[in-house]
Amino acid sequence: MKRYILMLVAVLALGFSGCNDDLFLEEHPDTFYTAQDAFKTVDQVKACVTNMYVHARYWLQNDVFLKGKGTDFYDDPMWRSSGNGISNFSSWSSDKGEINNIYDAFYQLVSYANQTLEGAEVSGLNWDSEDDRLYVRAQARFFRGFAYLVLGELYGGVPLVETFYQEPRYDFTRSTREETYRFAIADLKAAADTLPDYPKEAGYVAKGAAFHFLAEAYIALATIRDNDVVLLDSAVKATEEVTARHALMKERFGSRANPDGGEEMNGVAAYYPDGDVFFDLFQRGNLDYSEGNTEALWTLQNDVEVWHEFGGNQSLAYPNNFSPVMREMKWTDEYATDESTGPWVANIDESKYPGGNFCAYVGGRGVSFNAPTKYVCEDIWENDEGDIRNSAVNIRREWVCIDTTHPLYGKPVTLDMLKTDNIDRFYPIWTKFAPVDDWGFEDLQYGGNRSNMFRDDYACRLAETWLLQAEAYLRMGNTGKAADAVNEVRSRAKCQHLATAGEMSLQYILDERARELFLEERRWCTLLRMGHEVFADQLLGYAYYTRDYPTYTGTLEWSLFPIPQKAIDSNLDAKLEQNEGW
């Protein structure tokens, strides 16, 4: 069943204490138990597998911090935060909530994985087959390896926990960053050896995802070992395992590409003639490998019917959080009329557009909790003709006036037509996070207001694998092979200019990742694993509050996130060292 991993309610109904939500490094259990006592059936072990998927989905899709909030990608807009957004680094400390939450979340994922591994070793359970049990173990090792990869990239060396302890411990010590990466590599290799070639069900991991993150782990380890060529070669081989099984989508496909078919939704035809293959990658019904998307490696599942029946966070709030506020916008004098109060306020049907906060032909009831930087809006697109990722259908920079009293009703509205007193509330909209029309809003039938969409989301896809391969070759000094890997992505994007060996640099790859993977990749992980020079240059050069609205003018004396102070303070029987610069 496609949506099994969404059904967290089934897990909760078990009343199974083996999958509790206590944060591992800060446990306060009511009772102690053994794995033998806790796991009585195979279904209880598989409930822990479900928990890993649900937990990972929340922290990869619903909590958007890792996707680059505060980096060169996006931040709290000035008008909402008064200069106190994430990238105002003067406000950072070892008590910062976003940093503490990620640390806790990925240790919780480790805890779930350890519980699952223990459950899979309990004797006397009635498994369908030994392969069934090994598949459960492989998924657990995937998630534990993935968790330690993220922790190593963000925090450096951290305590390595291989067991779900029956009693609380207060004597953890930190590993080195190298040891953390090697631990992640061992788990990801074991997972890759056992997982199936392709997902058994939509949303499940398979070899493609395991080898993808294994390649990233090898590159991370090679980076702190002065670009160790043996490790980089292992990274390339891991990417080749992915590219041997998966292929980039290069032609239009799926739910909105067929002129003669497709499901009508909210009175809108499925077929979208102005789309392209990049547009199709992000349309509902197109993201899973089982739906014909050969570049999907691991997708996070969302379903409107599950949400409607059970509630929860089975949706993407991107249209609400990443779209600009389109109310009370004032015309410049050139376009104003005596009657005009703004192109998105007058004569709006409140029953159709609740609150008057909806711009026709844009696709979201935006409240602008996140605003993109000039780096992703402008810089990365300079001198890059033909790139469909920057086409009008994939990044919308023009809107349509729906003020029926205005002479420009029904015509395009651009930034130059709006007064600058509130222009910082207004920015381009990526189709990735806001549908182009009501076809993308399934929940309208249940009273939705265009704040959420119920499309699946990518945890990783093949385009990123090619860019990992490019980075590995670049670090090896093989700029020609690096350019070839980048051009796998750029060719699909129909770029008129293809990368050359002489252009290859980490900056070029970071820019290409931004063009391809904005709001997909874990940008904080990418920047921090590349080292202080790259990370500091990128943040001080492009982050929202260091360039666009420079309220932070200092330097970055740190290269890693701080270990949360509460983790240090609660580790009573041993000293948990803090990272340098905190």
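No hydrogens, no waters, no symmetry mates; every other heavy atom, side chains included, goes into these values. All residue numbers in this chain count up from 1 along the given sequence.
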(message) Is the shortest side-chain heavy-atom distance between T71 and S87 below 4.5 Å?
(response) no

(message) Under the criterion side-chain contact (heavy atoms from CB on, under 4.5 Å), I'd like the reasoning laid out for C460 against F213: C-alpha separation, chi angles, the key distance, then a yes or no.
(response) CA-CA 9 Å; C460 57; F213 290 117; 3.8 Å; yes

(message) If you compare all heavy atoms of P159 against all heavy atoms of Y103, which two are closest, and at what distance to 0.1 Å?
(response) CD-OH, 4.1 Å

(message) Within the 4.5 Å heavy-atom criterion, are R475 and L506 side-chain neighbours or not?
(response) yes

(request) Report yes if the side chains of E577 and K575 come closer than 4.5 Å at any heavy-atom pair, otherwise no. (result) yes

(request) Hey, can you tell me if Y549 and Y544 have their rings parallel, tilted or perpendicular (30° and 60° cut-offs)? (result) tilted

(message) Can you tell whether the side chains of D379 and R547 come within less than 4.0 Å, N to carboxylate O?
(response) yes

(request) Measure from the side-chain N and O atoms of N394 to the backbone N and O of N390, and report whether any donor-acceptor pair falls under 3.5 Å. (result) no

(message) Checking N84 against S81: is there a side-chain donor and acceptor pair closer than 3.5 Å?
(response) no

(message) I'd like to know if R177 and E153 make a salt bridge, using a cut-off of under 4.0 Å between side-chain N and carboxylate O.
(response) no

(request) Answer yes or no: is there a donor N or O on one side and an acceptor on the other, between the side chain of Y198 and the main chain of R245, under 3.5 Å? (result) yes

(request) Answer yes or no: is there an ion pair linking E295 with K250, defined by an N-O contact shorter than 4.0 Å? (result) no

(message) Quick check against the 3.5 Å criterion: does S315 have a side-chain atom that pairs as donor or acceptor with the backbone of F454?
(response) no

(message) Using a 3.5 Å distance criterion without hydrogens, assess whether the side chain of E179 forms a donor-acceptor pair with backbone atoms of T176.
(response) yes

(message) Between E512 and R515, does any side-chain N to carboxylate O distance fall below 4.0 Å?
(response) yes

(request) Report yes or no: do T299 and D288 form a side-chain donor-acceptor pair below 3.5 Å? (result) yes

(message) With a 4.5 Å cut-off on side-chain heavy atoms, are E464 and E516 touching?
(response) no

(request) Name the orientation class of the two ring planes belonging to W582 and W92 (parallel below 30°, tilted from 30 to 60°, perpendicular beyond 60°). (result) parallel

(request) Could you verify whether a donor N or O on one side chain and an acceptor N or O on the other, from K69 and N370, lie under 3.5 Å apart? (result) yes

(message) Between M52 and L109, does the side-chain contact (heavy atoms from CB on, under 4.5 Å) criterion hold? Intermediate values first, please.
(response) CA-CA 6 Å; M52 291 188 294; L109 187 57; 4.1 Å; yes

(message) Against Y458, only a single residue in L300, L519, L281 fulfils side-chain contact (heavy atoms from CB on, under 4.5 Å); can you say which?
(response) L281

(message) Could you check whether atom CD of Q507 has more than 12 heavy atoms from other residues, nucleotides or ligands sitting under 6.0 Å from it?
(response) yes

(request) Determine whether the side chains of S368 and Y427 contain a donor N or O and an acceptor N or O closer than 3.5 Å. (result) yes

(request) Might you point out which heavy atoms bring Y181 and L149 nearest each other, and give the distance in Å? (result) CE2-O, 4.1 Å

(request) Check whether any side-chain heavy atom of W307 sits under 4.5 Å from a side-chain heavy atom of N452, and report yes or no. (result) no

(request) State plainly whether the residues K432 and E520 are in salt-bridge range, i.e. N to O under 4.0 Å. (result) yes

(request) Classify the ring geometry between Y53 and Y204 as parallel (under 30°), tilted (30 to 60°) or perpendicular (over 60°). (result) tilted

(request) State whether the number of non-hydrogen atoms from other residues, nucleotides or ligands found under 6.0 Å of K481 atom NZ is greater than 12. (result) no

(request) Using a strict 4.0 Å threshold on nitrogen-to-oxygen distance, state whether R529 and E471 make a salt bridge. (result) yes

(message) What I want to find out is whether R513 reaches D72 closely enough, with some N-O distance under 4.0 Å, to be called a salt bridge.
(response) no

(message) The test is salt bridge (Lys or Arg N to Asp or Glu O under 4.0 Å); show your working for R137 and E118 and say whether it passes.
(response) CA-CA 9 Å; R137 281 187 52 84; E118 286 199 9; over 6 Å; no

(message) Tell me whether Y148 contacts the main-chain N or O of V161 through its side chain, where contact means a donor paired with an acceptor under 3.5 Å.
(response) yes

(message) For Y218 and D233, which I'm curious about, is there any donor-acceptor pair between the side chains at under 3.5 Å?
(response) no

(request) Determine the interplanar angle of the Y112 and H55 rings, folded into 0 to 90°, and report it as parallel if under 30°, tilted if 30 to 60°, perpendicular if over 60°. (result) perpendicular

(request) Run the salt-bridge test on D193 and K189 with the 4.0 Å N-O cut-off and return the result as yes or no. (result) no

(message) So C495 and R389, do their side chains get closer than 4.5 Å, heavy atoms only?
(response) yes

(request) Compute whether any side-chain donor of one residue and acceptor of the other, for T500 and E503, lie under 3.5 angstrom apart. (result) yes

(request) Indicate yes or no for a side-chain donor-acceptor contact from T194 to the backbone of A191 under 3.5 Å, with no hydrogens or angles considered. (result) no

(request) Determine whether the aromatic ring centres of Y155 and F561 lie less than 6.0 Å apart. (result) yes

(request) Return the orientation label for the F142 and W298 ring planes: parallel under 30°, perpendicular over 60°, tilted otherwise. (result) perpendicular

(message) On a heavy-atom basis, which atom in H246 and which in G208 lie closest, and how many Å separate them?
(response) NE2-CA, 4.1 Å

(message) Testing the 3.5 Å rule here: is there a donor-acceptor pair between the side chains of Q565 and D569?
(response) yes

(request) Kindly say whether E240 contributes a backbone atom to a donor-acceptor pair with the side chain of T243 at under 3.5 angstrom? (result) yes

(message) Looking at every heavy atom in both L517 and F73, which two are closest together, and how far apart are they?
(response) O-CE2, 4.4 Å

(request) Indicate yes or no: does R492 engage E488 in a salt bridge with an N to O separation below 4.0 Å. (result) no

(request) Using a 4.5 Å cut-off on heavy atoms from C-beta on, say whether the side chain of L527 contacts that of L510. (result) yes

(message) Quick one, D384 with R490, criterion salt bridge (Lys or Arg N to Asp or Glu O under 4.0 Å). Give me CA distance, side-chain angles, the key distance, then yes/no.
(response) CA-CA 10 Å; D384 212 350; R490 290 184 63 78; 2.7 Å; yes

(request) State, without any angle test, whether D104 and Q108 hold a side-chain donor-acceptor pair at a distance under 3.5 Å. (result) no

(request) For N487 and A483, indicate whether the former's side chain and the latter's backbone hold a donor-acceptor pair under 3.5 Å. (result) yes

(request) Please check if any side-chain donor atom of T180 sits under 3.5 Å from a side-chain acceptor atom of E178, or the reverse. (result) no

(request) Scan side-chain atoms only and decide if Y542 and D548 contain a donor-acceptor pair under the 3.5 Å cut-off. (result) no

(message) If you compare all heavy atoms of P435 against all heavy atoms of P319, which two are closest, and at what distance to 0.1 Å?
(response) CD-CG, 4.0 Å

(message) Between Y473 and M504, does the side-chain contact (heavy atoms from CB on, under 4.5 Å) criterion hold? Intermediate values first, please.
(response) CA-CA 10 Å; Y473 274 128; M504 284 297 94; over 6 Å; no

(message) Would you say that W59 contacts I102 through its side chain, given a criterion of any heavy-atom pair below 4.5 Å between the two side chains?
(response) yes

(request) Give the minimum heavy-atom separation between G85 and D76, together with the two atoms involved. (result) CA-OD2, 3.6 Å

(message) Between V64 and Y74, is the side-chain contact (heavy atoms from CB on, under 4.5 Å) condition met? List the steps.
(response) CA-CA 10 Å; V64 297; Y74 60 91; 3.6 Å; yes

(request) Would you check, one step at a time, whether the test side-chain hydrogen bond (donor to acceptor under 3.5 Å, both in side chains) holds for E557 with T555? (result) CA-CA 6 Å; E557 303 298 334; T555 58; 2.5 Å; yes

(message) Distance alone, cut at 3.5 Å: any donor-acceptor contact between the side chains of Q314 and R57?
(response) yes

(message) Ignoring hydrogens and geometry beyond distance, is a side-chain donor-acceptor pair present between N579 and R174 at under 3.5 Å?
(response) yes

(request) Please check if any side-chain donor atom of R144 sits under 3.5 Å from a side-chain acceptor atom of N114, or the reverse. (result) yes

